[in-house]
Amino acid sequence: MSKRIELKSLDVYYSSFLAVQDVNMVIEPKAITAFIGPSGCGKSTLIRTLNRMHEVIPGARVEGQLLMDGEDVYGPDVDPVRVRRQVGMVFQRPNPFPTMSIKDNVLSGYKLNNSKMSKTEAEELTEKALVGANLWNEVKDRLDKPGSGLSGGQQQRLCIARAIAVEPDVILMDEPTSALDPISTAAIEDLAVELKEKFTVVIVTHNMQQASRISDMTAFFNIAGTGMPGKLIEYDKTEKIFSNPGQQQTEDYVSGRFG
């Protein structure tokens with residue numbers, strides 16, 4: 001169940017420091033939205049607010065509204081654990097649990113949320129998630145071997161399998177290919193395009209070609225200077241952002257004049 005995400009006058013703080021200021025945007029379901037912009041402009045901070053991971057840092061907080069299908073994710077009655085279950089996260093460096101088998105890695109999120117499942121259910125879920133992450137054929141004969149024995153690209157797809165095993169509505173990817181070689185990067189990009197058929201996908205990337213290749217919508221963030229908050233400069237269809245942006249700052253960034 002893909003979800004529509006709406007950010008209304010969203011400010012993101014680390015204690016008294018305003019990291020991202022006044023973001024207003026709608027992230028559409030069943031689409032890939034890319035966050036681009038120079039380092040330090042708040043892209044990773046903002047993506048972490050979408051599943052309430054930002055507030056794990058002491059002193060971190062959000063002001064404004066973040067609506068998921070109309071429900072305020074930061075509402076007083078909303079359980080952050082439920083939000084994190086609905087919104088999966090894949091990080092920059094592949095982080096499978098090193099001591100766990102491939103199968104246990106896939107099931108780890110599910111087991112945290114649900115206590116009991118039969119052996120057959122566990123096997124079916126493992127296969128379904130690994131098929132969904134385009135990894136099944138490569139690992140089906142070694143499911144009991146440690147996840148840390150896989151290549152970097154395979155580990156990242158294992159992390160994606162772990163994220164989709166809990167059947168979230170949204171998948172966030174924070175620079176998921178920056179540590180990978182070109183072939184593994186292409187595999188993750190192809191997978192992201194497949195995932196959008198079921199999920200809302202948001203990806204932070206420094207790779208302009210990647211954003212232009214796989215995303216439907218692109219949000220360009222920038223920062224006026226050190227110590228200033230990151231701001232959303234322009235948000236539009238990816239094709240327009242890369243071919244005919246409305247803002248000079250966007251033009252300068254996507255054409256490689258800065259950043």
Side-chain angles (χ1 to χ4, degrees), residues 5-27 32-66 73-74 80 83-84 87 89-95 156 170 172-180 185 201-215 217-238 240-259:
I5 305 169
E6 194 171 354
L7 286 67
K8 292 184 171 181
S9 304
L10 200 76
D11 292 335
V12 188
Y13 288 88
Y14 293 102
S15 297
S16 61
F17 174 65
L18 178 58
V20 185
Q21 185 173 23
D22 196 29
V23 177
N24 291 280
M25 66 190 300
V26 173
I27 297 171
I32 298 176
T33 299
F35 288 3
I36 64 168
S39 294
C41 68
K43 305 180 299 295
S44 293
T45 292
L46 189 66
I47 201 173
R48 285 163 176 268
T49 67
L50 301 181
N51 70 344
R52 295 188 61 165
M53 272 196 64
H54 171 66
E55 66 189 355
V56 174
I57 299 163
R61 69 182 196 283
V62 165
E63 291 180 2
Q65 279 191 307
L66 201 165
V73 169
Y74 286 87
V83 173
R84 289 174 203 139
V87 185
M89 184 94 171
V90 178
F91 296 94
Q92 187 169 358
R93 300 222 163 255
N95 59 346
Q156 193 61 297
V170 179
L172 310 177
M173 299 184 170
D174 191 357
E175 293 189 56
T177 60
S178 64
L180 304 180
T185 294
V201 180
V202 184
I203 182 168
V204 169
T205 180
H206 277 288
N207 183 329
M208 294 298 103
Q209 289 77 21
Q210 181 170 77
S212 63
R213 271 195 301 266
I214 68 169
S215 69
M217 301 290 291
T218 296
F220 169 61
F221 294 86
N222 203 1
I223 187 166
T226 311
M228 306 286 282
K231 290 185 176 178
L232 175 60
I233 305 300
E234 189 168 357
Y235 179 48
D236 213 322
K237 290 192 168 74
T238 295
K240 183 171 187 313
I241 291 285
F242 283 94
S243 62
N244 185 26
Q247 300 289 330
Q248 187 64 44
Q249 290 182 55
T250 314
E251 167 85 27
D252 289 347
Y253 185 74
V254 299
S255 64
R257 280 198 278 275
F258 85 97

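All values reported here derive from a predicted model rather than from experimental measurement.
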Query raised in the report: Would you find a donor on one side and an acceptor on the other, under 3.5 Å apart, between the side chain of Arg52 and the backbone of Arg84?
Result: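 Checked: no pair found.
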Query raised in the report: Is there a donor-acceptor pair under 3.5 Å between the side chain of Asn24 and the backbone N or O of Lys8?
Result: no
Query raised in the report: Hey, mind stepping through Asn222 and Tyr253 against side chain to side chain contact (heavy atoms under 4.5 Å, CB included) and telling me if it holds?
Result: CA-CA 9 Å; Asn222 203 1; Tyr253 185 74; over 6 Å; no
Between [X] and [Y], what is the shortest heavy-atom contact and its length?
| X | Y | value |
| --- | --- | --- |
| Ile27 | Leu7 | CD1-CD1, 4.2 Å |
| Gln247 | Glu234 | N-OE1, 3.0 Å |
| Thr238 | Ser212 | CG2-CA, 3.8 Å |
| Glu175 | Thr205 | CG-CA, 4.3 Å |
| Gln249 | Ile233 | OE1-CD1, 3.6 Å |
| Tyr74 | Leu66 | CE1-CD1, 3.8 Å |

Report the residues that fulfil side-chain hydrogen bond (donor to acceptor under 3.5 Å, both in side chains) with [X], sequence neighbours left out, ordered by chain and then residue number.
| X | answer |
| --- | --- |
| Arg213 | Glu189 |
| Ser178 | Gln92 |
| Asn95 | Arg162 |
| Gln209 | none |

Using 0.5 Å steps for rounding, measure from the [atom1] atom of [X] to the [atom2] atom of [Y].
| X | Y | atom1 | atom2 | answer |
| --- | --- | --- | --- | --- |
| Asn244 | Lys237 | CG | NZ | 13.5 Å |
| Met89 | Ile47 | CE | CD1 | 5.5 Å |
| Ile57 | Arg48 | CD1 | CZ | 6.0 Å |
| Leu232 | Phe35 | CG | CZ | 8.0 Å |

Report task. Please identify each residue that fulfils ring-ring contact (aromatic ring centres under 6.0 Å, His included) with Tyr14, with sequence neighbours left out. Result -> His54
**Report entry** Sub-4.5 Å side-chain heavy-atom contact between Asp22 and Asp11
**Finding:** yes
Report task. Return the set of residues passing salt bridge (Lys or Arg N to Asp or Glu O under 4.0 Å) with Arg61 (not counting sequence neighbours), or none when no residue passes. Result ->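 Partners of Arg61 by the salt bridge (Lys or Arg N to Asp or Glu O under 4.0 Å) criterion, ordered by chain and then number, come out as Glu63.
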Report task. Look at atom NZ of Lys240 and say whether more than 12 heavy atoms of other residues, nucleotides or ligands are closer to it than 6.0 Å. Result -> yes
Query raised in the report: Are Thr177 and Gln210 linked by a side-chain donor-acceptor pair shorter than 3.5 Å?
Result: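 Side chains of Thr177 and Gln210: pair found under 3.5 Å.
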